[in-house]
Amino acid sequence: MGSLGAIVKHPDDLYPLLKLKMAARHAEKQIPSEPHWGFCYSMLHKVSRSFALVIQQLDTDLRNAVCIFYLVLRALDTVEDDTSIATEVKVPILKAFHRHIYDRDWHFSCGTKEYKVLMGQFHLVSTAFLELAKNYQEAIEDITDRMGAGMAKFICKEVETIDDYDEYCHYVAGLVGLGLSKLFHASGKENLAADSLSNSMGLFLQKTNIIRDYLEDINEIPKSRMFWPRQIWSKYVNKLEDLKYEENSVKAVQCLNDMVTNALMHAEDCLKYMSDLRDDSIFRFCAIPQIMAIGTLAICYNNVEVFRGVVKMRRGLTAKVIDRTKTIADVYGAFFDFASMLESKVDKNDPNATKTLSRLVAIQKTCRESGLLNKRKSYILRKENGYGSTLIIILVLLFSIMFAYSSATRHSN
Ligand code: D9A
């Protein structure tokens with residue numbers, strides 16, 4: 001849908017969208033002038049627009065450490081992902097990557113598009129890394145070491161069991177949670193979180209991505225990437241790719257719902273992790289991706305479109321999440337809303353209906369027991385105010401006319 005169409009349909013997205021646009025502009029103006037830091041932040045903007053915005057919340061020191069951590073992980077990912085590198089070459093690079101980050105002369109060309117630039121200019125990331133405080137460097141090194149070893153282990157191993165799935169997700173995402181918890185602790189702003197809770201923060205995000213990206217991963221050229229565990233999909237089809245064929249729609253959706261139910265298992269750990277955070281900026285940085293994840297699960301659940309194309313939260317809803325996530329009450333509210341939306345989508349005939357419903361009830365119970373519900377605006381369940389919408393549509397039209405007029409006059413000068 002075109003952006004104007006989306007706004008007419010969801011007029012109250014407009015204000016958060018405009019606010020997000022302004023924030024993005026502001027963030028891009030803030031890119032540091034030293035060449036290595038300038039490179040790192042503009043790279044961050046290129047590889048992940050929304051992450052680059054969310055990271056702006058953090059104080060300079062911690063923000064720099066998180067920025068470098070993110071780019072180091074992306075570089076490691078680029079090596080793992082590049083199917084044109086032979087296994088004998090790839091495995092040693094993954095295993096030694098934690099040493100390469102200290103070496104300004106180390107260099108390895110791979111990846112495509114912006115990732116190729118990241119790899120080509122990796123010495124600039126190393127230079128910035130070497131300027132971080134020692135405790136930040138050590139946290140990043142430790143996680144890079146463990147993640148590289150874990151990725152190497154999975155190069156020749158498929159995700160068969162649910163335990164394999166949890167182990168793989170631990171390496172590529174759970175460790176990110178552990179690493180960030182270490183960085184937060186090193187900044188002096190937070191207590192050190194329990195590893196199992198930090199791990200769940202990563203697993204919840206990663207499993208959501210794996211569910212949402214089914215089609216993109218299976219259609220990957222030259223070779224499909226398969227992250228859905230055989231132990232789950234084999235209950236429904238003979239081959240993972242069979243899920244995308246129309247004749248298997250019923251089985252495919254049941255399998256999808258099984259995967260979503262598995263991911264929901266981590267939601268309560270995530271709520272616990274977030275409720276323990278004390279610093280407002282760290283809190284927002286952690287909470288925004290988590291709300292997006294449960295929102296994404298809610299729109300993917302029971303939705304055959306996951307096997308046909310991209311299912312994503314609309315930009316306006318993302319903007320709303322970024323705008324409205326301020327306190328833990330907002331997080332409980334959002335989790336409660338999305339759990340209710342999921343509950344309303346559960347079909348009694350789904351083979352996992354009972355299990356799914358019991359997970360959802362547990363999430364809702366945790367949110368209710370916080371005693372913080374009903375103190376916020378809802379994202380989805382609120383009836384839109386007719387007058388507000390009409391007023392906003394009129395404003396959009398007015399702004400469009402003014403914008404068109406001002407750019408026309410600017411060009412004629
Ligand atoms: C994160 Cl340093 C990620 N991953 C994310 C983004 O959030 C987590 C990668 C590197 C870092 C951080 C994240 C944020 C805050 C707290 C966290 C945390 O833990 C305490 O990680 C667990 O997805 C990637 C992994 C899931 C593999 C960890 C959020 C992000 N979102 C994408 C949106 C999308 O659709 O993928 O990157 C984006 O902004 O482009």
Side-chain angles (χ1 to χ4, degrees), residues 20 24 27 40 43-58 62-78 80-81 114 125 132 136 139-140 143-144 147 150-151 168-185 187 189-190 192-213 216-217 227 263 266 269-277 279 281-297 299-300 310-315 317-319 321-322 325 331:
L20 191 67
C40 290
M43 204 67 228
L44 191 69
H45 279 277
K46 285 199 190 91
V47 296
S48 175
R49 285 203 136 263
S50 46
F51 189 79
L53 282 179
V54 177
I55 201 183
Q56 293 300 321
Q57 319 281 332
L58 303 172
L62 181 59
R63 192 206 302 144
N64 287 345
V66 173
C67 173
I68 299 307
F69 187 39
Y70 188 91
L71 293 177
V72 166
L73 299 174
R74 274 300 170 117
L76 192 61
D77 236 24
T78 306
E80 186 208 25
D81 266 4
E114 58 271 27
V125 180
L132 297 176
Y136 287 138
I140 295 172
I143 298 302
T144 309
M147 191 181 295
M151 284 174 166
Y168 177 75
C169 290
H170 165 72
Y171 294 136
V172 301
L175 285 172
V176 180
L178 267 69
L180 283 168
S181 296
K182 281 195 197 200
L183 295 179
F184 301 158
H185 181 62
S187 76
K189 293 183 165 73
E190 295 289 348
L192 185 60
D195 284 355
S196 68
L197 297 183
S198 305
N199 188 53
S200 291
M201 290 289 282
L203 263 58
F204 192 58
L205 300 182
Q206 181 67 10
K207 288 184 173 182
T208 302
N209 292 343
I210 286 177
I211 293 167
R212 182 198 61 192
D213 296 339
E216 197 183 308
D217 289 334
F227 302 113
H266 306 290
D269 273 1
C270 295
L271 289 171
K272 174 80 176 89
Y273 180 98
M274 290 183 277
S275 69
D276 287 342
L277 293 172
D279 180 88
S281 66
I282 293 175
F283 172 80
R284 273 173 52 85
F285 170 69
C286 292
I288 292 166
Q290 295 293 325
I291 297 181
M292 306 273 286
I294 194 165
T296 302
L297 291 177
I299 55 171
C300 287
V310 204
V311 176
K312 268 198 175 166
M313 283 189 19
R314 51 172 214 281
R315 263 198 77 69
L317 195 50
T318 304
V321 170
I322 296 177
T325 306
V331 173

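First listed ligand is number 1; within each ligand, the first listed atom is number 1. The structure displayed is predicted, hence computed values, not measured ones.
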On a heavy-atom basis, I'd like to know which of [options] is closest to [atom].
| atom | options | answer |
| --- | --- | --- |
| atom 6 (C) of ligand 1 | Phe51, Phe204, Phe69 | Phe51 |
| atom 15 (C) of ligand 1 | Phe285, Phe184, Tyr273 | Phe285 |
| atom 34 (C) of ligand 1 | Arg74, Arg212, Met147 | Arg212 |

Close approach of Cys286 to ligand 1, heavy atoms, under 4.0 angstrom: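 Flag set, Cys286 near ligand 1.
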
Within-cut-off N or O pair, Ser48 and ligand 1, under 3.5 Å: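 Min N/O separation from ligand 1 is below 3.5 Å for Ser48.
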
Ser50-ligand 1 polar pair, N/O distance under 3.5 Å: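 For ligand 1, there is an N or O atom that lies under 3.5 Å from one belonging to Ser50.
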
Hey, which atoms in ligand 1 end up nearer than 4.0 Å to a heavy atom of [X]?
| X | answer |
| --- | --- |
| Gly202 | 22 (C) |
| Leu180 | 2 (Cl), 12 (C), 13 (C), 16 (C), 17 (C), 18 (C), 19 (O), 21 (O) |
| Val172 | 27 (C) |

Residue pairs fulfilling side chain to side chain donor-acceptor pair (under 3.5 Å) with at least one residue in residues 66-76, sequence neighbours excluded: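 Pairs touching residues 66-76 that pass the test: Tyr70-Arg74, Arg74-Tyr115.
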
Counting only heavy atoms on the protein side, is anything nearer than 4.0 Å to [atom]?
| atom | value |
| --- | --- |
| atom 19 (O) of ligand 1 | yes |
| atom 24 (C) of ligand 1 | no |
| atom 4 (N) of ligand 1 | no |

Among all the protein's non-hydrogen atoms, which is closest to [atom], and how far away is it?
| atom | result |
| --- | --- |
| atom 10 (C) of ligand 1 | Tyr70 CD1, 3.2 Å |
| atom 11 (C) of ligand 1 | Val176 CG1, 3.5 Å |
| atom 27 (C) of ligand 1 | Gln206 OE1, 3.3 Å |
| atom 7 (O) of ligand 1 | Leu205 CD1, 3.7 Å |

Asp77 and Met151, any side-chain heavy atoms less than 4.5 Å apart: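 Result yes, sub-4.5 Å side-chain heavy-atom pair found.
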
Validation row: Cys286, Tyr273 side chains within 4.5 angstrom (heavy atoms):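 Yes, at least one pair of side-chain atoms sits under 4.5 Å.
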
Reference residue Glu190; test side chain to side chain contact (heavy atoms under 4.5 Å, CB included); the match among Leu62, Asp276, Leu277: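 Result: among Leu62, Asp276, Leu277, Leu277 is the only option passing the side chain to side chain contact (heavy atoms under 4.5 Å, CB included) with Glu190.
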
Side chain to side chain contact (heavy atoms under 4.5 Å, CB included), paired with Cys169, selected from Leu203, Asn199, Leu205: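 Exactly one candidate clears the test, Leu203.
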
Between [X] (side chain only) and [Y] (backbone N and O only), is there a donor and an acceptor less than 3.5 Å apart?
| X | Y | answer |
| --- | --- | --- |
| Arg284 | Thr325 | yes |
| Ser200 | Ser196 | yes |
| Gln206 | Gly174 | no |

Heavy atoms of other groups near Arg315 CZ, more than 12 under 6.0 Å: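 Not more than 12 within 6.0 Å, no.
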
From OG1 (Thr78) to CG (Leu73), nearest 0.5 Å: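 Answer rounded to 0.5 Å: 10.5 Å.
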
